[in-house]
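A quick write-up on the structure given underneath.
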Amino acid sequence: MPEPSPAVPAQESTEPLMGPAPPPETKERYFLRFTLAQRYLHGVLFATFLGLAATGLPLRFSGTVWAIRFAKAVGGFGAILFFHKFCALILTLAFLIHLREIIARGLFKGEKGIFWGPTSMVANWKDVRDLFAHFRWFLGLGPKPEFERYAYWEKFDYWAVFWGMVVIGFSGYAMWFAPFFARFLPGWALNAALVIHSEEGLLAILFIFSIHFVNTHLRPDSFPMDMVIFTGRESEEEFRQRRPKEYFRMLSEGRSAMRITDAPPLWLINFSRVVGFTAILIGLALLVLTLSAYVAG
Amino acid sequence: MRALFFPGCTLLIAGLLLAGTARVAHADTDCLSCHGDAGMQDASGRSIAVNSGRFHSSIHGSLKCTDCHTSIHGYPHPDHPAPVQCSSCHADEAAGVGGSVHAKASSNPCIGCHGDPHTIVARTDPNSTVYPLNIPKACGSCHGNEAMAKKYGLPNVYALYLDSIHGFALGKEGLLVAANCTSCHGSHKILSHKDPQSPTYRANIPGTCGSCHVGINEQYQKGIHGKAVAAGNPHAPVCTDCHTAHAIAEPTSADFRMQSTPICGSCHRDKFTTYRDTFHSQLGLLGGYTETARCWDCHEAHDVLPASDPRSSVAKANLVRTCGRCHAGANASFVQYQPHANARNRKLNPALYYIRLFMNLLLTSVLTFFLLHTVLWLVRSRFQQVKGKSAGGKHA
């Protein structure tokens, strides 16, 4: 192990303070990371994604015992397809609402930081530098990079979902309304639609249920779950630890007061735990089924 | 006179004459004076009683006992008279049975199906054991017997037949025209399906089924399978290959739709593999959704023709109509969809091949990169955490 760089000891001294929940006596400040609308969006996203995965996998691996049993249990493929399309419509709606918000905020209200800058989801050079720096830190070759509002892997998650929804959505609708789409597309595109739909769907399932789960929820710093997407709030300590660039930028801009909020109420924490763990467990179960189907051939 | 007279018999004859029901006095009345006793048994305990009433109303009722029991000439008669030879009257039938698979079945194969010769009625009589509605039961008394089926290496066909569309039509609906065992196998001269003379010999099956299913057989004979069979191709499918012989299911039933695609696939392997890749198959395999296209929905069931034949349902000019049966609004572009596309074959489907390759590369590269990223991160975070804890412990 190479000598740790000077920044690391500073990190170490603060790490033990990052307990799961601070004692209620300390008057710790909380910051709002996600608005209620954003939390709802994530809620709709993961609920419909779980629904789509649970109904899509039996189709992709329709020869497996569990797929046939599942189909029998829910009333045949008719029910599976109905639920799949139902979830798809809800997710499409959520996607369009999100798109509308982005366009409204970015183009019409001229809000800065939507398309470019430290608070944007758009990748920039700092993300590339952070990626390399993060790898160096993994190997003990450098200090931990200081992240802005959205770290590079979070941006990747976002764009992977964004691209995934466009690709899976388009290919899905092409199959759903095949005779209609065949007016514009050649017939072989319908063959391609199934290949693309199922491969991209598998990528999404494998990525979300393994990489996203571990990166965001199950890694030691967040274990067993990062509640911020459910409560929307994080303590000042967590905020400074995880996204120091954003924290100090906000302080220097004097905008920190704008996002100060109260501590998440107990009911919200409990509710988030139940919902979050349910989602993670369903996701992991689907991951096991997917991998088992791959192994079985 | 061959028979002996007893005083009791005289009274009986007198009674019959007085009642006015009598015909010419038979010698069998003499036999029945003993054998008419319902409890009469031979030395081994086997019943040798004859029910006079049933005998006289049977198809043999006009015969004398000694017409069949030819070895008996008087009383007392030997304990073990010579076996009755049905063949002395039923020569053709007996010859048929003699050359059949039942020739060695038992000492008297006639009785096995027709029952007690003293009570046999015409086969048009619903009480006959060989009345069409009763035939499966008669055959099933042996062919529904697990032990017997095992002994002769036969499938236990009776139960299969009963659940089949033929068995249902016959047994449940009482349709006399529904196929019973003899409709396909014949009755007396039943031959092994390996015998070229047998109606169940492979090449003869279309004709056998076609004796009832005339229209279907006409279609089949026009199709590529029928032509191949007629040309002597032993591998081409006949009716029973798809429909099975005994467990024949209603062709529109879910069971049949689920079971028969792999049957086509057992010969058309490459087509089956590529079909399995499609949405049609994925839906179909799950069960409960039988509407998705199976082989014959596009290719026809009986008059299967190659796509090169302009009359074929899958000929290019007919595709819009064929696909349109399910896909309302199917157009010329829609029918370019390839129901047997092979994304693994670069030469046949280059576009699909490269799309699949790209998707696979994307999938593996993204997952590989992030797997590495995540594992390193996990290890580093855990290391940091443990180190931090031990450091914190020292300070505390």
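Just so we're on the same page: letters track the sequence lines, and every chain starts at 1. Only this structure's heavy atoms are used, side chains among them; waters, hydrogens and symmetry mates stay out.
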(request) Taking all heavy atoms of B/Ala330 and all of A/Pro179, pick out the closest pair and write down the distance. (result) N-CB, 4.3 Å

(request) Measure the shortest side-chain to side-chain distance between B/Trp377 and A/Trp153 over non-hydrogen atoms and say whether it is less than 4.5 angstrom. (result) yes

(request) State, to 0.1 Å, how close B/Ile355 and A/Ala192 come at their nearest heavy-atom pair, and which atoms those are. (result) CD1-CB, 3.6 Å

(message) Nearest 0.5 angstrom please: B/Thr278 OG1 to A/Leu190 CG, how far?
(response) 12.5 Å

(message) Using modelled atom types and a 3.5 Å cut-off, is there a donor and acceptor pairing between side-chain atoms of A/Asn191 and backbone atoms of B/Tyr337?
(response) no

(message) How long is the straight-line distance from CZ of A/Phe135 back to NE2 of B/His373, given to the nearest 0.5 Å?
(response) 5.0 Å

(message) Is it true that, when you exclude B/Arg325 itself, more than 12 heavy atoms of the residues, nucleotides or ligands shown sit nearer than 6.0 Å to its CZ?
(response) yes

(request) Heavy atoms only, distances under 4.5 angstrom: which of A/Ser198, A/Ala189, A/Pro220 has the most pairs with chain B? Name it, please. (result) A/Pro220

(message) With a 4.5 angstrom heavy-atom cut-off, is it the side chain or the backbone of A/Phe156 that approaches chain B, or both, or neither?
(response) side chain

(message) Can you confirm whether more than 12 heavy atoms, excluding those of A/Lys85, are under 6.0 Å from its NZ atom?
(response) yes

(request) Mind checking the CG-CG spacing from B/Leu367 to A/Leu206? Nearest 0.5 Å is all I need. (result) 5.5 Å

(message) Need one label for A/Arg183: side chain, backbone, both or neither, based on atoms under 4.5 Å from any heavy atom in chain B.
(response) both

(message) Let me confirm one number: the OG-CZ distance from A/Ser62 to B/Arg276, rounded to the nearest 0.5 Å.
(response) 7.0 Å

(request) Would you check if A/Leu139 and B/Arg380 make a side-chain contact, meaning some heavy-atom pair closer than 4.5 Å? (result) no

(message) How about CZ on A/Phe180, more than 12 heavy atoms from neighbouring residues, nucleotides or ligands closer than 6.0 Å, or not?
(response) no

(request) Looking only at non-hydrogen atoms, find the nearest pair between A/Glu199 and B/Leu363 and report the distance. (result) O-CD1, 3.5 Å

(request) Determine the option with the most heavy-atom pairs under 4.5 angstrom with chain B, choosing from A/Gly187, A/Ser210, A/Ala204. (result) A/Gly187

(request) Check whether any side-chain heavy atom of B/Gln282 sits under 4.5 Å from a side-chain heavy atom of A/Leu194, and report yes or no. (result) yes

(request) Measure centre to centre between the rings of B/Phe370 and A/His212, then say whether the value is under 6.0 Å. (result) no

(request) Counting only heavy atoms closer than 4.5 Å, note whether B/Ala332 contacts chain A via side chain, backbone, both or neither. (result) neither

(request) With side chain to side chain contact (heavy atoms under 4.5 Å, CB included) as the test, would you mind laying out the steps for A/Trp137 and B/Gln384 before giving the verdict? (result) CA-CA 11 Å; A/Trp137 176 71; B/Gln384 192 86 8; 4.1 Å; yes

(message) Report which part of B/Asn349 has an atom under 4.5 Å of a heavy atom belonging to chain A: side chain, backbone, both, or neither.
(response) neither

(request) Pick whichever of A/Glu200, A/Lys72, A/Arg60, A/His134 has the most heavy-atom pairs under 4.5 Å with chain B. (result) A/His134

(message) Does any backbone or side-chain atom of A/Leu185 lie under 4.5 Å from a heavy atom of chain B? Answer side chain, backbone, both or neither.
(response) backbone

(request) State whether the number of non-hydrogen atoms from other residues, nucleotides or ligands found under 6.0 Å of A/Phe162 atom CZ is greater than 12. (result) yes

(request) Using a cut-off of 6.0 Å, state whether more than 12 heavy atoms not belonging to A/Phe177 lie near its atom CZ. (result) yes

(message) A quick test of your reading: do over 12 heavy atoms of other residues, nucleotides or ligands sit less than 6.0 Å from CZ of A/Phe82?
(response) no

(request) Please report the shortest heavy-atom distance between B/Leu376 and A/Phe138, naming the atom on each side. (result) CB-CD1, 3.6 Å

(request) Give a yes or no on this: more than 12 heavy atoms of other residues, nucleotides or ligands lie within 6.0 Å of atom CD of B/Glu173. (result) yes

(request) Identify the two heavy atoms, one from A/Ala182 and one from B/Asn331, that lie closest to each other, and give their separation to 0.1 Å. (result) CB-OD1, 3.8 Å

